[in-house]
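Note sheet for the following structure.
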Amino acid sequence: MKATGIVRRIDDLGRVVIPKEIRRSLRIRDGEALEIFTNNEGGVVFQKYSPIGEVSHFTMQYAEAIHKSAGIPVAICDLDNVVAAAGVSRKDYLERPISASLSDILDTHRPYSSPATSPISVIDGTPERLSYLSPIVSEGSVIGAVMSLTQAPKVPDETEKKLINTGAAFLSSQMEI
């Protein structure tokens, strides 16, 4: 663990304030869920909660299914990291942070079709670019996305869009079970 030098007291209701600088650097938004763990040294650890991580077995299977059936490279992310990938190098994608541009697209809460003239990176430093994105929504909030990827700029066709939208709808329904 990394020491910050910041000390906070617990109030009479058992609350502790996480400093704004830490929330900003870890991209923790207001109202976002945190998991609480304890470690062997008696410490308390807060970690961003990813509901998509709860259904990780579905995410990898769905990415593989789309890739095998349509030959489309696919990635699935939560609000911070890629959690599943097929048709691309997994070591380059899995558990890697998403780009700031992709994070901004997720904030719009809408499907996104990348213009062929200026495709954006899913992860900084990888050759694949976003082709099409459909958000995964749970209880009215975007919690991640299913994305098709491309190396050459192209406009996604209707079949690709439908497959990605179906994946996002399926994963959204798994969050409500």
Side-chain angles (χ1 to χ4, degrees), residues 18 22-37 39 45-114 119-151 156 160-177:
I18 299 172
I22 292 174
R23 293 192 319 263
R24 186 180 304 127
S25 69
L26 295 177
R27 297 184 347 192
I28 298 172
R29 298 174 178 102
D30 290 345
E32 194 164 24
L34 299 174
E35 282 186 282
I36 303 170
F37 299 94
N39 62 22
V45 178
F46 290 89
Q47 180 176 322
K48 290 176 76 172
Y49 174 69
S50 172
I52 294 178
E54 298 292 319
V55 293
S56 60
H57 55 287
F58 288 127
T59 59
M60 193 58 80
Q61 289 174 349
Y62 200 84
E64 286 289 336
I66 293 174
H67 175 64
K68 286 180 182 175
S69 66
I72 301 168
V74 176
I76 300 172
C77 69
D78 60 17
L79 295 177
D80 299 303
N81 301 307
V82 173
V83 297
V88 294
S89 169
R90 286 188 180 153
K91 70 176 183 156
D92 290 342
Y93 278 84
L94 292 181
E95 301 305 318
R96 300 268 315 272
I98 62 173
S99 68
S101 300
L102 179 54
S103 185
D104 291 343
I105 290 170
L106 291 174
D107 288 342
T108 69
H109 293 67
R110 291 185 301 234
Y112 176 83
S113 186
S114 185
I120 68 160
S121 294
V122 173
I123 293 176
D124 295 326
T126 57
E128 289 82 14
R129 300 289 184 248
L130 179 63
S131 177
Y132 185 75
L133 172 147
S134 186
I136 301 168
V137 179
S138 177
E139 298 176 5
S141 297
V142 172
I143 59 169
V146 179
M147 305 166 281
S148 60
L149 310 176
T150 184
Q151 283 191 351
E160 181 177 334
K161 289 179 180 180
K162 285 180 182 179
L163 284 169
I164 299 302
N165 288 337
T166 301
F170 172 75
L171 292 172
S172 292
S173 70
Q174 295 302 307
M175 298 298 129
E176 297 177 15
I177 292 177

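The basis for the numbers below is simple: all heavy atoms, side chains too, and nothing from hydrogens, waters or symmetry mates. Because the structure is a prediction, the values reported are computed rather than measured.
Considering CG of Leu34 and CZ of Arg23, their distance stands at 10.5 Å, rounded to 0.5 Å. Here the CD atom belonging to Glu128 is positioned 8.5 Å from the OG atom belonging to Ser89, to the nearest 0.5 angstrom. Atom CG of Leu79 and atom OG of Ser141 lie 9.0 Å apart (nearest 0.5 Å). Distance check: Ile98 CD1 to Met147 CE gives 7.0 Å after rounding to the nearest 0.5 Å. Put simply, CD1 on Ile120 and CG on Leu133 are 8.0 Å apart, with the number rounded to the nearest 0.5 Å. The CG atom of Leu163 lies 13.0 Å from the NE2 atom of His67; values are rounded to the nearest 0.5 Å.
Here the shortest heavy-atom pairing between Ser131 and Thr150 reads CB-CG2, 4.0 Å. Nearest approach of Asp80 to Asp78, heavy atoms of both residues: N-OD1, 2.8 Å. Across every non-hydrogen atom of His109 and Gly140, the tightest pair is CD2-O, 4.3 Å. The minimum heavy-atom distance between Leu106 and Cys77, with the atom names listed, is CD1-SG, 4.2 Å. What you find for Ser113 and Lys161 is that their closest heavy atoms are OG-CE, 4.1 Å. Smallest separation of non-hydrogen atoms from Ala85 and Leu94: N-CD2, 3.8 Å.
Side chain of Ser148 to main chain of Ile72: no donor-acceptor pair is present (N/O by atom type, distance under 3.5 Å, no hydrogens or angles). In this structure a side-chain-to-backbone donor-acceptor pair under 3.5 Å is missing from Arg110 to Asp107. In this structure, Ser121 contributes its side chain and Asp124 its backbone to no donor-acceptor pair below 3.5 Å.
Residues Leu171 and Thr59 have side chains in contact (heavy-atom distance under 4.5 Å, counting atoms from C-beta outward). Counting only heavy atoms from C-beta outward, the side chains of Thr126 and Val88 never approach each other to under 4.5 Å. By the 4.5 Å heavy-atom criterion applied to side chains, Phe46 and Ile22 are not counted as neighbours.
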Side chain to side chain donor-acceptor pair (under 3.5 Å) between Ser134 and Asn165, worked out
CA-CA 5 Å; Ser134 186; Asn165 288 337; 3.0 Å; yes

